[in-house]
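Notes follow the structure.
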Amino acid sequence: MNLYETLPTPHSIRVLTLKRPTLGIEGIEKDTERSATGVEQPVYCEMSVISLTEPEPFDALSYVWGDPSVRERSMVCNDKMVPITSNLWTALHQIWGEWPDKKLWVDAICINQTDIPERNQQVTMMGGIYNIAQCVVVWLGEATQKSEDFFKILEKVRDGQDLSLTYGKNFNELLDFGGEILSRAWFRRAWTLQEISLSTDSIVCCGSQYADFRIFLKTIYSLNRLSEAEHFCGARILDVPTLAQVGEDRTLFHLLAQTQERESSDPRDKVYCLLSLLPRDLYDFMEADYSLSVEETFTWAARVCIELDKDLHCLWAAGLEALERARQERRFQRRRQERLQGPLQREDSDEEGLESEEEDRREDEDIFLPSWVPNWKTEDEVSSLRNLYRLIESARTDPERLRSRSNHGWRLERKSRKIGIPGFGFGRLKIDKQEDSALLTVFPKCAMRTLEFQPSKTSTSMELSNNDFVTLCKRINRHDIEHCACIDGSPRVRYPLCHLPTRVKEGDWLWTPTFGNNKRDDKDDYEDRIYIDNGDVWDDDDDGNDGIDGMMEMSRMMNGDKKDIFYVFVLRPVEATEEAQFQLVGKGVGKAYNLKRQWARILTTFILI
């Protein structure tokens with residue numbers, strides 16, 4: 001008989017209860033003795049089903065899975081042998097040894113991980129499980145001498161003792177104890193943010209010792225205050241990474257950026273672990289879907305950020321340049337690890353290079369993303385933008401807008417690798433290696449003439465349909481092939497190459513989106529929108545009143561309020577067929593050059609792949 005039967009309702013969950021007398025409190029010590037001799041006893045338990053609508057008291061376990069493919073230990077559940085990880089085996093022994101009557105919800109066992117529909121449904125409701133649980137049991141792992149010493153400090157704080165009086169100024173050792181605890185894998189695990197943030201009560205366990213989680217935090221903060229009081233500048237501070245601020249007005253991108261340093265055995269969980277932390281009225285359409293691949297999950301998350309939230313900051317962490325930086329970082333970390341392990345004796349140095357290239361190839365094949373999608377697996381590109389986010393709480397003020405947003409979210413394409421983003425193309429880049437710069441050039445006159453467009457003093461942008469844009473791109477391609485000289489003598493703007501993506505090439509386009517970068521993005525049309533025109537910012541109604549673009553505001557935050565600095569993007573055209581397509585190369589920094597109004601801009605929907 002199968003261990004798992006179909007859950008009766010969408011609100012049902014499974015819980016585990018210690019099966020006695022097979023494993024009682026007295027049996028714990030005996031099993032520990034057996035494990036020392038290499039004979040390890042399984043954990044015996046029973047699985048039952050309860051409903052969250054009328055729940056029986058239960059606790060939820062928060063722990064680190066480890067490698068789910070390595071299940072060296074076992075448990076007997078409903079008389080069936082179930083392989084489990086060593087960390088879970090130890091946790092259950094210790095917890096049930098202390099509290100044999102606890103009913104526990106353990107995600108690895110209580111969810112049928114092989115049943116994708118059930119896994120989707122249960123993972124989506126995990127926030128509710130941890131919120132309803134009467135206590136969340138945080139398992140940090142087995143004890144060490146430092147952890148035992150730290151829990152002694154917790155007892156003193158619990159009893160109301162003043163650490164400054166107890167230890168005086170000799171608290172650096174206390175910081176070492178706390179640092180050892182905070183370096184444990186639980187504090188880096190992707191899921192622990194929601195598990196502890198949504199709990200109503202929690203305890204932290206390490207080996208056979210345990211304490212109220214609030215006492216744990218109080219102790220950490222007390223140590224930090226002592227350190228700051230002693231060393232006002234350069235004080236050693238213990239960071240509790242699990243307690244990032246989670247506000248009701250934060251976007252999906254903001255949470256992704258906040259949690260990029262967290263780890264998960266399944267990369268898709270980098271997204272799914274945040275679902276319960278998002279405002280449900282704004283993200284009710286987001287549910288875990290393990291039928292999607294890693295690439296599809298990451299792409300869907302980026303699409304939500306761009307199409308629905310109009311938050312283009314994720315583009316700052318995407319692009320071909322980001323891919324190359326990630327590859328270089330992998331090489332650096334690999335070489336650093338080799339140095340730490342000692343010099344490696346190789347007969348052929350070329351062999352090392354070939355192996356490095358092969359590892360890069362395997363890593364790139366492991367996750368092959370569209371150019372406009374950040375790799376949420378890496379932390380350097382996205383986490384640096386954690387303080388940049390858009391507020392979208394205004395959607396709550398209008399019930400109709402809220403319904404429209406939800407309907408749009410449910411209709412979002414989950415498997416397409418393309419996205420259409422309306423924006424301005426300012427021109428193409430010509431590389432000048434001698435001057436170590438790139439020249440922004442106007443679009444070829446021969447190509448523009450086919451569209452019967454002539455820039456004037458009152459018209460500097462041209463809105464193109466998809467068909468016209470494809471025609472323009474094909475004409476530009478012909479211009480390049482025929483080496484046409486129609487743009488000789490046309491105005492140009494010089495950009496230092498250091499202000500552009502490192503992978504910029506001849507013929508790349510300079511581009512900026514036209515939504516999500518202004519204060520008036522609640523409209524669906526382009527009326528009175530504020531655009532960046534290669535540094536000059538003005539209203540599209542040409543009334544002479546210059547506006548301030550949202551992207552310009554973000555640039556000031558990043559550049560110390562330098563008003564003449566802004567960000568643009570570099571796109572690389574792909575051969576035009578039925579639609580013009582581009583790859584995102586990366587972001588660039590531009591200076592506020594004064595372009596003439598006769599400089600023609602192309603306004604259309606750019607298809608990024």
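Computation of the quantities below employed the complete heavy-atom set of this structure, encompassing side-chain atoms and omitting hydrogens, waters and symmetry-equivalent molecules.
- Checked for salt-bridge contact, D309 and R405 meet the test: a charged N lies under 4.0 Å from a carboxylate O.
- Sorted by first and then second residue, the salt bridge (charged side-chain N to carboxylate O under 4.0 Å, His left out) pairs with a member in residues 106-116 read D107-R189; sequence neighbours excluded.
- If you check the side chains of Y272 and N120, you find no donor sitting under 3.5 Å from an acceptor.
- Put simply, the side chain of Q260 gets close to the backbone of W376: a donor and an acceptor are under 3.5 Å apart.
- Taking 4.5 Å as the limit, some side-chain heavy atom of V82 sits within range of a side-chain heavy atom of M75.
- Here the side chains of R184 and C206 are in contact, with some heavy-atom distance below 4.5 Å.
- The pair K19-D79 meets the salt-bridge criterion, since a charged nitrogen lies less than 4.0 angstrom from a carboxylate oxygen.
- Within the structure, ring pair (Phe, Tyr, Trp, His ring centres under 6.0 Å) contacts touching residues 117-143 (residues at least two apart or in different chains) are W105-Y130.
- In this structure, the separation between NZ on K415 and CH2 on W300 is 12.5 Å, given to the nearest 0.5 Å.
- No hydrogens or angles considered: nothing links the side chains of R73 and T90 as a donor-acceptor pair under 3.5 Å.
- Contact of the F150 side chain with the Q209 side chain is not registered, since no non-hydrogen atoms from C-beta on lie closer than 4.5 Å.
- Taking the six-membered ring wherever Trp is involved, the centroid distance between the rings of W99 and Y210 falls below 6.0 Å.
- A 4.5 Å side-chain heavy-atom check between T299 and E296 finds every atom pair outside the cut-off.
- Atom CG of D289 and atom CZ of R414 lie 5.5 Å apart (nearest 0.5 Å).
- From E56, atom CD reaches atom CD of Q134 across 11.5 Å, with rounding to the nearest 0.5 Å.
- Here R188 pairs with E263 under the salt bridge (charged side-chain N to carboxylate O under 4.0 Å, His left out) rule; sequence neighbours left out.
- A donor-acceptor pair shorter than 3.5 Å can be found between the side chains of S62 and W186.
- Distance CG/L16 to OH/Y44: 15.5 Å, rounded to 0.5 Å.
- When each of E46, E118, E5 is paired with R14, the salt bridge (Lys or Arg N to Asp or Glu O under 4.0 Å) condition holds for E118 and for no other.
- Side-chain contact between F213 and S199 is absent, with no heavy-atom pair separated by less than 4.5 Å.
- Taking 4.5 Å as the limit, some side-chain heavy atom of M126 sits within range of a side-chain heavy atom of E195.
- Side-chain contact between Y63 and C205 is absent, with no heavy atoms from C-beta onward closer than 4.5 Å.
- At a cut-off of 3.5 Å, with distance as the only test, no side-chain donor of R401 or S404 sits close to an acceptor on the other residue.
- Of all non-hydrogen atoms in A322 and A317, the two that sit nearest each other are CB-O, 3.5 Å.
- The aromatic rings of F285 and Y283 lie tilted to each other, with the angle between the two planes from 30° to 60°.
- The salt bridge (Lys or Arg N to Asp or Glu O under 4.0 Å) test with K418 is passed by exactly one of E307, E413, E579: E579.
- The cationic atom of R158 (NZ for Lys, CZ for Arg) does not lie both less than 6.0 Å from the six-membered ring centre of F216 and within 45° of the ring axis.
- Between K152 and E155 there is no salt bridge, since no side-chain N of the basic residue sits under 4.0 Å from a carboxylate O of the acidic one.
- Across L198 and G127, no two heavy atoms sit closer than the pair CD1-CA, 3.5 Å.
- With rounding to the nearest 0.5 Å, the separation of CG in L584 from CG in L315 is 6.0 Å.
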